[in-house]
Amino acid sequence: FVLILGSLFYAALSLICRVFIGLMSARDDRIATRVVNSLADDQKIGIQAMLDGTSYEMYDRDVGWVPNPGYSREGVVISRQGLRSLREYSIPPPDPEKRILCFGDSFTYGHSVGDTETYPYHAERLRPGTEWVNLGISGACLTQCLLHYRKSGRQFGGRHVVIGFMTDDAKRAVNCFRPFLTAFNP
């Protein structure tokens, strides 16, 4: 009896959810499930700019994409070392105890803000004598941050790491493992 009652409850709840999503989708198409078979025009433009070298990001075969060394436009400077920074950092650091490496997504990188508005920039000013190295990557997940650390971050030394983690990063991390959950279909 309990099994039948549980099954009926699950079926009713599932039906209510489907009806709710259907009704809400009629009001707001962002809720509807969409099948996307091609890239949007703005995505194509962004990828082409990355491949052409005119974007603040560039393709990296190991990490996916990273800040484009030497890129500069009003308010955004990527150093020759590939950091969101107005200056270069010595390698190795003069004092590893005072160097903090900052990894994360667009919040660490400082997407949509000027060079002097990123949190690593402000942290360095709030803690005189320390160096806060901005190794953030816009749109990155924790997997990319780890790859970026292994490929480029270690060279900057430092004994401390700050990982900027936002709730959207959890979705990106799940998407990194999604191909392992479904059958391969080229």
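Every value quoted in this text rests on a predicted model; they were computed, and no experiment measured them. Count residues from 1 along the sequence.
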Can you tell me if Asp60 uses its side chain to pair, donor with acceptor, with the backbone of Val63 under 3.5 Å? yes
Under 3.5 Å: donor-acceptor pair, side chain of Glu124, backbone of Trp132: yes
Is there a path of hydrophobic side-chain contacts, each under 4.5 Å between heavy atoms of I, L, V, M, F, W or Y residues, that connects Tyr59 with Val66? yes
Heavy-atom distance under 4.5 Å between the side chains of Tyr71 and Val77, does that happen here? no
Look only at the side chain of Trp65 and the backbone of Ser138, and say whether a donor-acceptor pair between them is shorter than 3.5 Å. yes
Using 4.0 Å as the upper bound for N to carboxylate O, is an ion pair formed by Lys98 and Glu131? no
Using every non-hydrogen atom in the two residues, find where Cys145 and Ala140 come nearest and quote the distance to one decimal. SG-CB, 4.5 Å
Taking every heavy atom of Thr118 against every heavy atom of Thr108, the minimum-distance pair comes out as CB-O, 4.3 Å
Side chain to side chain contact (heavy atoms under 4.5 Å, CB included), that's the test. Do Arg99 and Arg159 meet it? Break it down for me. CA-CA 7 Å; Arg99 181 166 287 176; Arg159 300 248 195 277; over 6 Å; no
Measuring from atom CE of Met166 to atom SG of Cys141, what distance do you get when rounded to the nearest 0.5 angstrom? 15.0 Å
Give a yes or no on whether a salt bridge exists between Arg150 and Asp62, defined as a side-chain N under 4.0 angstrom from a carboxylate O. no
At their closest point, which heavy atom of Tyr89 faces which heavy atom of Arg87, and how far apart are they? CE2-NH2, 2.9 Å
Quick check against the 3.5 Å criterion: does Asn134 have a side-chain atom that pairs as donor or acceptor with the backbone of Ser85? no
Around Glu74, counting heavy atoms of other residues, nucleotides and ligands shown, do more than 12 lie under 6.0 Å from its CD? no
Can you hop from Leu86 to Ile100 via hydrophobic side chains spaced under 4.5 Å? no
Near Ile4 CD1, under 6.0 Å, is it more than 12 heavy atoms from other residues, nucleotides or ligands? no
Please answer whether the main-chain N or O of Gly110 pairs with a side-chain N or O of Arg84 as donor and acceptor at a distance below 3.5 Å. yes
For a quick test of reading the model, state the closest non-hydrogen atom pair linking Pro69 to Met58 and the distance between them. CD-SD, 3.5 Å
Gap separating the CG atom of Leu8 from the CG atom of Leu3, nearest 0.5 angstrom: 10.0 Å
Taking the cut-offs as 6.0 angstrom to the six-membered ring centre and 45 degrees off its axis, would you call Arg125 and Tyr121 a cation-pi pair? yes
If every non-hydrogen atom of Pro67 is compared with every non-hydrogen atom of Ile78, which pair is closest and at what distance? CB-CG2, 3.7 Å
What is the minimum heavy-atom distance between Leu135 and Gly153, and which atoms define it? CD1-CA, 4.2 Å
Does the pair Gln155 and Ile91 meet the rule for a side chain to side chain contact (heavy atoms under 4.5 Å, CB included), with working shown? CA-CA 7 Å; Gln155 71 177 336; Ile91 298 173; 3.7 Å; yes
Tell me whether the rings of His111 and Tyr56 are parallel (<30°), tilted (30 to 60°) or perpendicular (>60°). tilted
same_hphob_cluster(Val161, Phe165) at 4.5 Å side-chain heavy-atom cutoff: yes
Please identify which of these residues, Ile163, Val162, Val133, meets the side chain to side chain contact (heavy atoms under 4.5 Å, CB included) condition with Leu101. Val133
Check the pair Tyr119, Tyr109 against ring pair (Phe, Tyr, Trp, His ring centres under 6.0 Å), reporting the backbone distance first and the verdict last. CA-CA 9 Å; Tyr119 78 75; Tyr109 168 81; over 10 Å; no
Under a 3.5 Å distance rule, please check whether Ser152 uses its side chain to pair with a backbone N or O of Tyr149 as donor and acceptor. no
Rounded to the nearest 0.5 Å, what separation is found between the CD atom of Glu57 and the CD1 atom of Ile47? 11.0 Å
To the nearest 0.5 angstrom, please state how far the NE2 atom of His160 sits from the OG1 atom of Thr130. 10.0 Å
